[in-house]
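Okay, structure first, notes after.
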Amino acid sequence: MKIYPGHGSRFIRLDGKHFVFLNGKCRSSLIMRRKAANLNWTQLYRRLHKKGQSEEAARRRSRAKKSAAPKAVEGASLEVIKAKRSQKPEVRKAARDAALKEIKARAAASKGKKSAPKK
């Protein structure tokens, strides 16, 4: 409901919030702390319960989802990335385990060198 100039009444609460009412019914509902969502004649109730909306306006056009195009990363070309993605998980896991073993062996070797006594 629209409140035209020269109509309605203004109510300012003690905390400074302004309210403009169309009529006494609206004002007394606020004072009695009635929820606008539960009153059938309010705009909030109509919006929440989807009243008076035409189906054309309610249904929006669906847009095609944009799919992320795979891109090459620094240090790996697109072909390498696609090849790794198409590998089976078992093969990938075995390669990861082998790389981890190699890194641990290298770390153990470097640790062995550091702990050697100096003369």
Side-chain angles (χ1 to χ4, degrees):
M1 292 182 279
K2 192 169 183 185
I3 303 169
Y4 292 97
H7 295 265
S9 60
R10 187 177 296 263
F11 174 69
I12 303 167
R13 217 165 36 192
L14 287 172
D15 63 357
K17 188 165 168 89
H18 292 248
F19 297 95
V20 181
F21 301 109
L22 183 64
N23 52 27
K25 178 182 180 182
C26 300
R27 182 188 172 116
S28 62
S29 292
L30 179 92
I31 291 169
M32 289 188 281
R33 297 178 179 228
R34 287 187 176 153
K35 288 191 170 79
N38 299 336
L39 298 172
N40 296 359
W41 51 271
T42 59
Q43 279 185 325
L44 182 63
Y45 176 91
R46 294 184 67 77
R47 199 176 306 126
L48 289 174
H49 294 85
K50 295 179 174 60
K51 305 289 183 189
Q53 293 178 347
S54 62
E55 289 196 28
E56 291 81 24
R59 195 180 328 136
R60 292 187 178 165
R61 285 187 289 164
S62 60
R63 292 184 186 148
K65 286 189 178 180
K66 294 177 184 174
S67 59
K71 295 178 184 176
V73 184
E74 189 176 339
S77 67
L78 190 59
E79 291 78 30
V80 173
I81 293 171
K82 282 185 177 178
K84 281 193 177 183
R85 194 176 282 170
S86 64
Q87 281 180 346
K88 289 188 175 171
E90 298 85 29
V91 176
R92 235 181 298 150
K93 190 175 186 313
R96 196 180 306 122
D97 291 342
L100 272 171
K101 270 186 186 176
E102 195 263 330
I103 291 169
K104 284 181 183 176
R106 220 183 308 145
S110 68
K111 192 176 181 183
K113 284 183 184 177
K114 283 184 184 177
S115 64
K118 292 184 179 180
K119 290 184 181 179

Can you give the donor-acceptor pairs under 3.5 Å from side chains of residues 24-37 to other protein atoms, not counting sequence neighbours?
{"unit_1": "S28", "atom_1": "OG", "unit_2": "G24", "atom_2": "O", "d": "3.0"}
{"unit_1": "S28", "atom_1": "OG", "unit_2": "K25", "atom_2": "O", "d": "3.1"}
{"unit_1": "S29", "atom_1": "OG", "unit_2": "K25", "atom_2": "O", "d": "3.0"}

Hey, could you give me each pair passing salt bridge (Lys or Arg N to Asp or Glu O under 4.0 Å) that has a residue in residues 85-97? Not counting sequence neighbours. K93-D97

Side-chain heavy atoms under 4.5 angstrom apart, residues restricted to Ile, Leu, Val, Met, Phe, Trp, Tyr: same cluster for I3 and F21? no

List in chain and number order the residues that pass salt bridge (charged side-chain N to carboxylate O under 4.0 Å, His left out) with R63, two or more places apart in sequence or in another chain; answer none if no residue qualifies. none

side-chain contact (heavy atoms from CB on, under 4.5 Å) filter on R13, not counting sequence neighbours, yields F11, D15, K17, F19

Quick one: name the residues clustered hydrophobically with L100, using the 4.5 Å side-chain heavy-atom rule over I, L, V, M, F, W, Y, and just say none if it's on its own. none

Nearest heavy-atom approach of L22 to K2 is CD1-O, 4.2 Å

When every non-hydrogen atom of T42 is compared with those of L39, the smallest separation belongs to OG1-O, 2.9 Å

What pairs with H49 under ring pair (Phe, Tyr, Trp, His ring centres under 6.0 Å), at least two apart in sequence or on another chain? Y45

Applying side-chain contact (heavy atoms from CB on, under 4.5 Å), can you list everything that pairs with S86, at least two apart in sequence or on another chain? none

Hydrophobic side-chain clustering at under 4.5 Å (ILVMFWY, transitive links): who's grouped with L48? Put none if nobody. L44

